[in-house]
J.: 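The structure follows.
These figures come from a predicted structure and were not determined experimentally. These values consider heavy atoms only, across backbone and side chains, with no hydrogens, waters or symmetry-generated copies. The first residue of the sequence shown is numbered 1, and numbering continues consecutively from there.
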Amino acid sequence: MKGRTAWAAAGGAAALVLVTATGAHAEGRGDVRVVKTVANDGGNVIVGTAKTIRYPVDITVKDNSGVKGLTHVSTFNKTSAYTFATWNDDSSCTKKSATTSVCRATLTIDPAWIADSDDIDTNKVAGVWQINATVKANDGDYWISDHIAEYKVKRAAQLTTVIAPEKVAKNAKVTVTGKLSRANWEDRKYHGYPGQQVKLQFRKKGDAHYSTVKTVTTGNIGQLTTKVTVTSAGSWRWYFPGTTTTSLKASAGDTLNLK
């Protein structure tokens with residue numbers, strides 16, 4: 001289901017959530033219910049500019065007659081109700097007991113058609129999304145369940161690190177540069193991400209982990225630059241913790257040696 005169509009189909013359901021204390025249902029019959037929903041195994045869905053993303057939604061359903069399955073699954077931005085994710089009517093249910101099954105649906109996002117999904121700036125659709133589903137029991141009971149889970153769909157980030165020079169005497173100063181960029185779903189390119197706080201981290205040669213040395217704010221095209229005093233050999237990298245709309249990213253480390 002693509003943007004404009006999704007608005008028409010999902011908009012009414014989203015409105016019902018606002019006036020329903022539990023956000024539990026729009027309509028239904030009988031005692032079949034969704035008791036738990038997990039999107040993408042609990043992780044964020046990260047979408048770049050080229051790779052098609054497929055991710056699971058696991059919906060735990062309960063009914064005294066047993067669970068027949070899913071008849072509809074949709075997902076969209078919680079605030080705007082726009083979407084560019086599709087469900088192709090494929091699902092399978094694993095029986096956990098006589099009354100309870102976990103049904104898995106797979107959702108797909110293809111960057112190649114995100115920009116054509118509507119006439120808005122689709123980058124604004126990044127953020128918190130919700131899931132709706134219609135479930136059915138063996139005895140014919142059904143339930144249209146709205147807002148059964150929330151998760152985040154984020155724009156993929158890229159981050160680079162460059163040290164110059166790469167071999168210096170102890171206590172010399174070096175310049176560490178880099179660039180933070182993120183996927184633009186409209187033109188399917190990566191653009192600099194300005195005004196973001198990025199951590200410069202160092203891992204001493206022989207150590208297992210990086211430690212933060214300082215925090216630097218990206219410039220108007222996402223550029224990063226700072227000077228540090230070198231006291232030992234090791235690897236330097238930039239680390240971006242991410243935002244509600246953009247994924248976290250750690251750059252590859254750039255090794256610095258002592259003369």
J.: Tell me the closest heavy-atom pair linking E166 and I163, and the distance in Å.
T.: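 Smallest heavy-atom distance, with atoms named: CG-O, 3.3 Å.
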J.: Could you work out, with side-chain contact (heavy atoms from CB on, under 4.5 Å) as the rule, every residue matching N220, not counting sequence neighbours?
T.: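 Here the qualifying residues are Q223.
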J.: Please examine the side chains of K95 and V67, heavy atoms only from C-beta on, and report whether any two atoms are closer than 4.5 Å.
T.: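 Side chain of V67 against side chain of K95, heavy atoms only: no contact under 4.5 Å found.
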J.: How about K136: does its NZ atom have over 12 heavy atoms from other parts shown lying under 6.0 Å from it?
T.: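 Open: at most 12 neighbouring heavy atoms sit under 6.0 Å from NZ of K136.
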J.: Quick one: does T83's side chain have a donor or acceptor within less than 3.5 Å of a partner on T75's backbone?
T.: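 Yes, the answer is positive, given that a donor and an acceptor are paired below the 3.5 Å cut-off.
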J.: Go through the structure and list residues passing side-chain contact (heavy atoms from CB on, under 4.5 Å) with A137, not counting sequence neighbours.
T.: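 With sequence neighbours excluded, A137 shows a side-chain contact (heavy atoms from CB on, under 4.5 Å) to V32, D63, S65, D139, D141, given in chain and number order.
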J.: Using atom types as modelled, flag every donor-acceptor pair under 3.5 Å from a side chain in residues 170-181 to any protein atom, sequence neighbours excluded.
T.:
residue: K173; atom: NZ; partner: T229; partner atom: OG1; Å: 3.2
residue: T175; atom: OG1; partner: K227; partner atom: NZ; Å: 2.8
residue: T177; atom: OG1; partner: V162; partner atom: O; Å: 3.4

J.: Give a yes or no answer on whether the side chain of T134 reaches the backbone of H72 with a donor-acceptor pair at less than 3.5 Å.
T.: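 Not a single qualifying donor-acceptor pair exists.
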J.: So, do T49 and Y190 sit near enough that their side-chain heavy atoms are less than 4.5 Å apart?
T.: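 Yes; the side chains approach each other to less than 4.5 Å.
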J.: May I ask you to decide if V125's main-chain N or O and N77's side chain share a donor-acceptor pair within less than 3.5 Å?
T.: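 Here the side-chain-to-backbone pair exists.
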J.: Which atom pairs, one a donor and one an acceptor, fall under 3.5 Å between side chains of residues 195-203 and the rest of the protein, sequence neighbours left out?
T.:
residue: Q196; atom: NE2; partner: P194; partner atom: O; Å: 3.2
residue: Q201; atom: OE1; partner: R237; partner atom: NE; Å: 2.8
residue: Q201; atom: OE1; partner: R237; partner atom: NH2; Å: 2.9
residue: Q201; atom: NE2; partner: T212; partner atom: OG1; Å: 3.2

J.: Please collect all ring-ring contact (aromatic ring centres under 6.0 Å, His included) contacts where either partner lies in residues 161-186, sequence neighbours excluded, each pair once.
T.: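 Matches after skipping sequence neighbours: F84-W185.
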J.: Would you say that Y239 contacts L248 through its side chain, given a criterion of any heavy-atom pair below 4.5 Å between the two side chains?
T.: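 Yes, their side chains come closer than 4.5 Å.
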J.: Can you name the ring-ring contact (aromatic ring centres under 6.0 Å, His included) partners of Y142, sequence neighbours left out?
T.: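 Listed in chain order: nothing, the list is empty.
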J.: Just verifying a value: how many Å separate W236 CH2 and T255 OG1, rounded to the nearest 0.5 Å?
T.: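 The CH2 atom of W236 sits 12.5 Å away from the OG1 atom of T255.
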J.: Under a 3.5 Å cutoff, is there a donor and acceptor pairing between the side chains of N88 and D90?
T.: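 No donor-acceptor contact under 3.5 Å links the two side chains.
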J.: So N40 and Y151, do their side chains get closer than 4.5 Å, heavy atoms only?
T.: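 When only atoms from C-beta onward are counted, N40 and Y151 do not touch, as no gap falls below 4.5 Å.
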J.: Please confirm whether the backbone N or O of D58 pairs with a side-chain atom of R104, one donor and one acceptor, at under 3.5 Å?
T.: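 Answer holds: no.
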J.: Just by modelled atom types, is the A115 backbone N or O under 3.5 Å from a matching donor or acceptor in the R188 side chain?
T.: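 A pair under 3.5 Å: no.
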J.: Kindly indicate whether the side chain of F240, heavy atoms from C-beta on, has any atom under 4.5 Å from the side chain of T218.
T.: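 The answer is no; the side chains never approach within 4.5 Å.
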J.: Return yes when atom NZ of K214 has more than 12 non-hydrogen atoms of other residues, nucleotides or ligands closer than 6.0 Å, and no otherwise.
T.: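 Above 12, so yes.
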J.: What is the minimum heavy-atom distance between Q130 and K78, and which atoms define it?
T.: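 In terms of heavy atoms, the two residues are closest at OE1-CG, 3.9 Å.
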J.: Is there a path from I46 to L159 through hydrophobic residues (I, L, V, M, F, W, Y) whose side chains come within less than 4.5 Å of each other?
T.: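 No, separate clusters.
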